[in-house]
Amino acid sequence: MQNLITGLILLAFVVILYLFLLTKKDYKKFQKGVKKSLKILIQNSIRLFAIFLIIGLLQNFLSKEAVGKFLLNFKGFIGIIAGEFVGSIMMGPAASGYPIAKYLFDNGATVSLVSAFLLSWVMIGFISMPLEYKDLGKKFMLVRNILTLIGIIIMSLIMEALI
Amino acid sequence: MKKENIIKSILKEYALEIIICLIAIILIIFNPNKAYFGIKQAIENFKNLILVIIAVALLTGFISEVVSKETIKKFIGKGSGFKGVLIGAIFGSLMVGPAYVFFPFFKEMINKGAKINVIVTSITSWAIKAPWIPFAVVLLGLKFVIFYNLLILLFAIISGYIVEYILVSLEKQKVKL
């Protein structure tokens with residue numbers, strides 16, 4: 001629901017931008033913009049659908065319970081690494097990561113493990129790295145993701161200390 | 001373009017997507033029931049985000065063809081300073097859907113002169129997901145959610161500067177990765 005509402009707001013905003021062009025009678029720019037947008041829409045749709053497909057399959061072949069049970073085997077620093085690893089492979093909407101985090105808490109997982117899992121669930125995706133590589137470049141992708149992997153370990157340790 | 005060249009360029013452009021489809025087909029043969037639900041979920045996911053996907057494409061096209069470099073630079077380019085970083089952080093935390101839906105948009109922003117650190121901050125603060133915070137509080141408790149999101153915000157801003165510093169110095173030394 002949130003997705004549709006935000007999508008609608010964003011779309012309305014963009015449509016107003018385009019209408020503004022029309023009122024200024026700038027038809028050439030309007031046409032160019034729409035043409036480029038269509039190209040991006042088709043390309044992005046194909047790429048995104050492929051990603052959604054692999055996420056959908058992963059979610060069905062690796063059940064949430066199995067993932068949770070696997071993670072409960074670990075503690076301490078190894079727990080952080082395990083949480084980070086599983087969170088990076090598994091992908092999905094942020095909202096579906098929270099129930100797994102709750103399950104982990106209810107079953108006595110450490111704060112650092114749950115934090116590492118949640119943070120890498122939303123921040124790092126092995127599956128979306130090829131997209132980042134294609135759009136933003138190899139260096140950008142590598143530097144950003146390696147730094148984030150390190151950052152997640154530090155943040156998880158801080159979370160453990162704070163809570 | 002010759003027909004063979006077109007096919008070749010499509011294969012190159014969508015190599016990853018073709019591999020994913022092949023995996024999907026193998027999984028369908030292996031376990032049709034689970035694969036069916038996976039595909040259904042993918043379609044559901046896509047339907048959920050279709051408005052965002054269309055809006056992102058239109059916005060990217062608009063910025064690419066209509067908005068001037070100067071305008072982008074003024075808000076999130078060189079000289080925008082911390083204000084630019086804040087714009088990036090607010091945009092990232094308010095948006096829904098996965099960050100990778102917006103990658104073509106970020107690419108266009110960088111082409112138009114946006115600073116790298118603003119883009120990195122925006123992508124990282126995506127993890128905050130402001131619209132979902134109430135849901136997270138119910139499940140995980142207020143204390144956890146507050147510290148968790150504050151840390152993400154802090155990291156998003158710091159990592160932006162670090163990534164930019166590393167990328168700029170790699171560029172200076174002409175290091176190839």
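Chain letters run A, B, ... following the sequence lines, proteins first, then strands; residues in each count from 1.
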Need one label for A/L119: side chain, backbone, both or neither, based on atoms under 4.5 Å from any heavy atom in chain B. both
Top of A/V111, A/I146, A/I54, A/V34 for chain B proximity - count of heavy-atom pairs under 4.5 angstrom: A/I54
Is there a donor-acceptor pair closer than 3.5 Å between any side-chain N or O of B/N48 and the backbone N or O of A/L4? no
Chain A heavy atoms under 4.5 Å from B/K34: which part of the residue, side chain, backbone, both or neither? both
Sort B/W132 into side chain, backbone, both or neither according to what part of it lies under 4.5 angstrom from a heavy atom of chain A. both
Of the backbone (N, CA, C, O) and the side chain (C-beta and beyond), which part of A/L118 lies under 4.5 Å from a heavy atom of chain B, both, or neither? both
Identify which part of B/L154 has an atom lying under 4.5 Å from any heavy atom of chain A, answering side chain, backbone, both or neither. neither
Could you tell me if the side chain of A/L57 sits less than 4.5 Å from the side chain of B/F37, heavy atoms only? no
Check whether B/Y36 gets within reach of chain A through its side chain, its backbone, both or neither, counting any heavy atom under 4.5 Å. neither
Could you check whether any side-chain heavy atom of A/P99 comes within less than 4.5 Å of a side-chain heavy atom of B/L139, counting everything from C-beta outward? yes
Heavy-atom cut-off 4.5 Å, strictly under: side chain, backbone, both or neither for B/I110 against chain A? side chain
Can you check whether A/M123 reaches B/F155 side chain to side chain, under 4.5 Å on heavy atoms? yes
Can you name the closest pair of heavy atoms from B/A35 and A/F61 and give their distance? N-CE1, 4.0 Å
Contacting moiety of B/L167, where chain A heavy atoms sit under 4.5 Å: side chain
With chain A as the partner chain, list the residues of residues 53-67 of chain B whose heavy atoms fall under 4.5 Å from it, by residue number, and write 'none' if nothing qualifies. B/I53, B/I54, B/A55, B/A57, B/L58, B/L59, B/T60, B/G61, B/F62, B/S64, B/E65, B/V66
Find the one option among B/A127, B/G141, B/G160 whose heavy-atom pairs under 4.5 Å with chain A are most numerous. B/A127
Considering only heavy atoms, which portion of A/F13 lies under 4.5 Å from any heavy atom of chain B: side chain, backbone, both, or neither? side chain
Which atoms of B/N31 come close to chain A, meaning under 4.5 Å heavy atom to heavy atom: side chain ones, backbone ones, both, or neither? both
Test side chain to side chain contact (heavy atoms under 4.5 Å, CB included) applied to A/L48 and B/L49, step by step: CA-CA 10 Å; A/L48 290 174; B/L49 285 167; over 6 Å; no
Within the 4.5 Å heavy-atom criterion, are B/V120 and A/F140 side-chain neighbours or not? yes
At a heavy-atom separation under 4.5 Å, does A/N44 approach chain B through its side chain, its backbone, both, or neither? side chain
So, the part of B/I152 with a heavy atom under 4.5 Å from chain A: the answer is both
Step-by-step side chain to side chain contact (heavy atoms under 4.5 Å, CB included) determination, B/E44 to A/F52: CA-CA 9 Å; B/E44 199 60 34; A/F52 292 156; over 6 Å; no
Interface check, chain B: of A/Q43, A/K35, A/K39, most non-hydrogen pairs under 4.5 Å belong to A/Q43
Does any backbone or side-chain atom of B/Y165 lie under 4.5 Å from a heavy atom of chain A? Answer side chain, backbone, both or neither. neither
So B/T124 and A/R144, do their side chains get closer than 4.5 Å, heavy atoms only? yes
Whatever's closer than 4.5 Å to a heavy atom in chain B on A/L136 counts as side chain
The test is side chain to side chain contact (heavy atoms under 4.5 Å, CB included); show your working for B/Y100 and A/I51 and say whether it passes. CA-CA 10 Å; B/Y100 50 80; A/I51 302 260; 3.6 Å; yes
A/P130 to B/L16 - nearest heavy-atom pair and separation: CB-CD2, 3.5 Å
A/I158 CD1 to B/L150 CG distance, which is reported to the nearest 0.5 Å: 11.5 Å
B/K107 with A/E132: basic N within carboxylate O range, under 4.0 Å: no
Pick from A/Y18, A/F49, A/W121: which one has the most heavy-atom pairs with chain B under 4.5 Å? A/Y18
